[in-house]
Amino acid sequence: MTEKVITRFPPSPTGSLHIGNIRSLLFNYLYTRKHGGNIVMRFEDTDKERSDKVHEAVALETLEALGLDFDRGPFRQSERTEKYVSALNTLIEKDLAFVAEESEGEPGKHVIRFRNPNKTITFHDIIRGDITIDTTGFGDFVIARSEDSPVYHLSVVVDDIEMGVTHVIRGEDHITSTPRQILLIEALGGTVPTYAHLPLIVGSDKKKLGKRHGAVTYQEFRDLGYVPSAIVNYLALLGWNPGDDREFFTKDELIKEFSLERVNNSPASFSYKKLDSINRHHILQMPEDEYLGEVKKFLCANAEGEKLCAFVNFEDLVKLVIRERINKFSEVTSMFAAGEFDWLLHAPEPEVDKLLWKDTSPENTRKHLGHVIDSLDKVSNWTVDDIKEAIWPYAERNGRGEVLWPMRFALTGQEKSPDPFTVAFLLGKEEALTRLQKAEQLL
RNA sequence: GGCCCCAUCGUCUAGCGGUUAGGACAUCGCCCUCUCACGGCGAAAACCGGGGUUCAAUUCCCCGUGGGGUCACCA
């Protein structure tokens, strides 16, 4: 009960840290922080061929960005070989392992095999209860490619024992290999940790989440405009829930609420739609300047975008027309590409018949536009509120659609846009009046 | 195929013997509204099948079916 919780972050730098790994790390993190324990960061790079330092850097960047800090490490298994060798020698001395003559491919090479006692192992899993597996089928499995090249199962076990790991929280794809590791722990005289095997995250096709399903690494999600807090929030909900209807959590709230007992045990499929909705919530919570900075990053990326960003009322544009409309920041790029901001940069060439609201006559429309022009001309304080105040009573009297539609269409030339008051405000008084007069003359 | 894990709306899930089976995302409808978006309201939508146990099963047990995982000198 008073035992200090020690867990680990054990990515293998043989590929990108993907969302499934990140979720496992997150659950380790939440559990450990909740119980005031320590997290050991450890790169499992015993496969020299496939390990790459690039992946280590990406993994560290991901943890940093998501705020998943650890307490010890990062260690590298490739730098701890002597510990595994010593364990290996101990096992061989005790005749719990042996040098086997055969080795695939190269004749004359040896491998080290574990002398499997061929017994049935039962271990308790916090999430699934007792799991019993007969290890006979594993045979005398290989624990080292050679005297100085241990294989995953050995190095993990040696490290977990030495680092005092108390809780192993990982994906359920490791269930089957758990008995193998327990066998080794017993042979080495270590204490078997507590296990918790998390349900896998699958794609919409129920298969293990991978590239073909879309974004899978933190960096990909970041580039799409998802924020770290939303990713953490959403990932926590994949397999865990607080037991009530709450869905929005900060990292600290998650630490407070989290428990492995409430992790469910069936695979969860990743929903980009749901992530969008969570992300929307989180970006709405962002401080304004931070929000502006993010939009700028996405919107001002190219020459045309830069022009828009140089627009006098950039901040107002974001606050008034963008903030409520996006789920993720990359959407401002698509909005821009779809021409939704064209009216800001280019005066429209409005088609006459589209200026008319329903069956309103050109004469009446011209009259309304004339009135709008006169009213706006008198507005001295050019704010959305004052503009609306100048137009609204007249629109109410004469039919909102008959007045507002031609006004908005004259200003934007688009059937869909923000409301005419906001549009007029963003264009500035002079430009707005110019466009309205131009439309009036068309009628 | 052997072994292991899993099974509630399309999706994420609540439920831990007795509920009108609840919420969220998505979908659809209505309202708001000059359009779009936002917002509000509402609708449709699920217990894989068969046996037990029980006064009573979505819930407990067994079998089947389905899905997934794992069977490396990868982790």
Side-chain angles (χ1 to χ4, degrees), chain A residues 10-15 21 43-47 49-51 77 100 102-106 109-113 125 127-129 131-139 141-146 149-153 155-156 170-180 197 199-202 204-208 234 237-248 262 264-278 280 284 321-326 335 340 354 357-358 360 395 399-409 412 414-423:
Chain A
S12 166
T14 52
N21 302 324
F43 285 114
E44 312 213 315
D45 57 349
T46 50
D47 185 343
E49 301 290 303
R50 302 208 277 173
S51 294
Q77 292 190 323
E102 89 286 6
S103 176
E104 283 175 11
E106 302 165 62
K109 251 191 91 187
H110 297 177
V111 295
I112 318 295
R113 289 180 179 275
D125 186 294
I127 296 169
R128 287 152 216 282
I131 296 175
T132 299
I133 295 175
D134 182 359
T135 65
T136 306
F138 300 154
F141 53 91
V142 173
I143 54 177
R145 300 173 189 89
S146 62
S149 182
V151 143
Y152 168 74
H153 293 295
S155 51
V156 162
R170 63 199 346 181
E172 70 169 313
D173 48 337
H174 284 89
I175 289 181
T176 317
S177 58
T178 301
R180 204 184 291 243
H197 287 95
L200 258 24
I201 299 177
V202 298
S204 45
D205 55 1
K206 296 285 181 194
K207 297 275 190 335
K208 239 176 164 178
Y234 177 64
L237 258 18
L238 238 35
W240 173 86
N241 72 79
D244 53 42
D245 290 339
R246 287 173 297 163
E247 291 207 298
F248 299 119
R262 286 209 63 84
N264 64 258
N265 46 19
S266 51
S269 73
F270 193 93
S271 163
Y272 293 92
K273 287 272 177 62
K274 182 81 176 189
L275 208 213
D276 275 0
S277 132
I278 301 270
R280 177 182 158 73
L284 250 16
V321 321
I322 294 179
R323 186 140 195 172
E324 300 286 335
R325 300 170 80 99
I326 60 170
M335 283 169 78
E340 291 200 35
K354 284 198 173 165
W357 171 249
K358 293 186 175 169
T360 311
R400 293 176 196 169
E402 292 193 25
V403 179
L404 269 18
W405 174 271
M407 174 181 170
R408 198 178 55 73
F409 200 82
T412 64
Q414 296 184 351
E415 298 190 12
K416 300 174 184 177
S417 82
D419 69 83
F421 316 115
T422 299
V423 168

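Residue numbering restarts at 1 for every chain, and letters A, B, ... go by the order of the sequence lines.
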Closest-nucleotide ordering on RNA chain B, the 5'-leading residue of A:K416 and A:V202: A:K416

Both A:F421 and A:E172 contact RNA chain B. Which one's nearest nucleotide lies toward the 5' end? A:E172

[X] [atom1] to [N] [atom2], straight-line distance once rounded to whole Å:
{"X": "A:D245", "N": "B:A14", "atom1": "CG", "atom2": "C1'", "value": "7 Å"}
{"X": "A:E402", "N": "B:C34", "atom1": "CD", "atom2": "C1'", "value": "11 Å"}
{"X": "A:D244", "N": "B:A14", "atom1": "CG", "atom2": "C1'", "value": "10 Å"}
{"X": "A:M407", "N": "B:U35", "atom1": "CE", "atom2": "P", "value": "15 Å"}
{"X": "A:D134", "N": "B:C5", "atom1": "CG", "atom2": "P", "value": "13 Å"}
{"X": "A:E340", "N": "B:A37", "atom1": "CD", "atom2": "C1'", "value": "9 Å"}
{"X": "A:E324", "N": "B:A37", "atom1": "CD", "atom2": "P", "value": "14 Å"}
{"X": "A:D47", "N": "B:C74", "atom1": "CG", "atom2": "P", "value": "6 Å"}

Verify the contact: side-chain N or O of [X] to OP1 or OP2 of [N], cut-off strictly under 4.0 Å; return yes or no.
{"X": "A:R400", "N": "B:C32", "answer": "no"}
{"X": "A:N241", "N": "B:U13", "answer": "no"}
{"X": "A:N265", "N": "B:A7", "answer": "yes"}

Could you tell me how the ring of A:Y234 sits relative to the ring of A:F270: parallel (under 30°), tilted (30 to 60°) or perpendicular (over 60°)? perpendicular

Taking atom [atom1] in both [N] and [M], what distance in whole Å separates the two?
{"N": "B:U53", "M": "B:U70", "atom1": "C1'", "result": "34 Å"}
{"N": "B:G2", "M": "B:C61", "atom1": "P", "result": "24 Å"}
{"N": "B:C9", "M": "B:C25", "atom1": "C1'", "result": "12 Å"}
{"N": "B:U65", "M": "B:A44", "atom1": "C1'", "result": "29 Å"}
{"N": "B:G51", "M": "B:A57", "atom1": "P", "result": "12 Å"}
{"N": "B:A24", "M": "B:C31", "atom1": "P", "result": "22 Å"}
{"N": "B:G40", "M": "B:C4", "atom1": "P", "result": "50 Å"}
{"N": "B:A7", "M": "B:C63", "atom1": "C1'", "result": "15 Å"}

Sidechain N-carboxylate O distance under 4.0 Å for [X], [Y]:
{"X": "A:R280", "Y": "A:E324", "answer": "yes"}
{"X": "A:D276", "Y": "A:K273", "answer": "no"}
{"X": "A:E340", "Y": "A:R325", "answer": "yes"}

Scan [X] against the nucleic acid and name what it touches under 4.0 Å (heavy atoms): base, sugar-phosphate only, or nothing.
{"X": "A:G171", "value": "nothing"}
{"X": "A:R180", "value": "nothing"}
{"X": "A:R323", "value": "nothing"}
{"X": "A:T132", "value": "sugar-phosphate"}
{"X": "A:R50", "value": "base"}
{"X": "A:T14", "value": "nothing"}
{"X": "A:H153", "value": "base"}
{"X": "A:T412", "value": "nothing"}
{"X": "A:L275", "value": "nothing"}
{"X": "A:P418", "value": "base"}
{"X": "A:D276", "value": "nothing"}

Main-chain N/O of A:S146 paired to A:S149 side chain as donor or acceptor, under 3.5 Å: no

Counting heavy atoms from C-beta on, name the nucleotide in [options] closest to the side chain of [X].
{"X": "A:S12", "options": "B:A75, B:U35, B:A14", "result": "B:A75"}
{"X": "A:P420", "options": "B:G69, B:C34, B:C5", "result": "B:C34"}
{"X": "A:E44", "options": "B:A75, B:G68, B:U13", "result": "B:A75"}
{"X": "A:H174", "options": "B:C5, B:A75, B:G69", "result": "B:A75"}
{"X": "A:T46", "options": "B:A75, B:C25, B:C6", "result": "B:A75"}
{"X": "A:R262", "options": "B:C4, B:A14, B:C12", "result": "B:A14"}
{"X": "A:T176", "options": "B:C6, B:U70, B:U35", "result": "B:U70"}
{"X": "A:A268", "options": "B:A75, B:U13, B:G15", "result": "B:U13"}
{"X": "A:S277", "options": "B:G15, B:U35, B:C25", "result": "B:C25"}
{"X": "A:N264", "options": "B:U13, B:C74, B:U11", "result": "B:U13"}

Nucleotide forming a Watson-Crick or wobble pair with [N], both distances under 3.5 Å:
{"N": "B:C34", "value": "none"}
{"N": "B:G2", "value": "B:U70"}
{"N": "B:G42", "value": "B:C28"}
{"N": "B:A56", "value": "none"}

Side-chain donor or acceptor of A:R408 under 3.5 Å from a matching atom on the base of B:C34? yes

Side-chain donor/acceptor contact of A:R325 with base of B:C36 under 3.5 Å: yes

Rounded to the nearest 0.5 Å, what's the gap from CZ on A:R50 to CG on A:D45? Could you check? 13.0 Å

Could you give the distance from CZ (A:R145) to OG1 (A:T46), rounded to the nearest 0.5 Å? 5.5 Å

Between A:D125 and A:I131, is a side chain to side chain contact (heavy atoms under 4.5 Å, CB included) present by the stated rule, with each step listed? CA-CA 7 Å; A:D125 186 294; A:I131 296 175; 4.1 Å; yes

Identify whether NZ of Lys or CZ of Arg in A:R180 sits under 6.0 Å from the centre of the six-membered ring of A:F141 and within 45° of that ring's axis. yes

Scanning both residues in full, the closest heavy-atom pair of A:P418 with A:V423 reads O-CG2, 3.6 Å

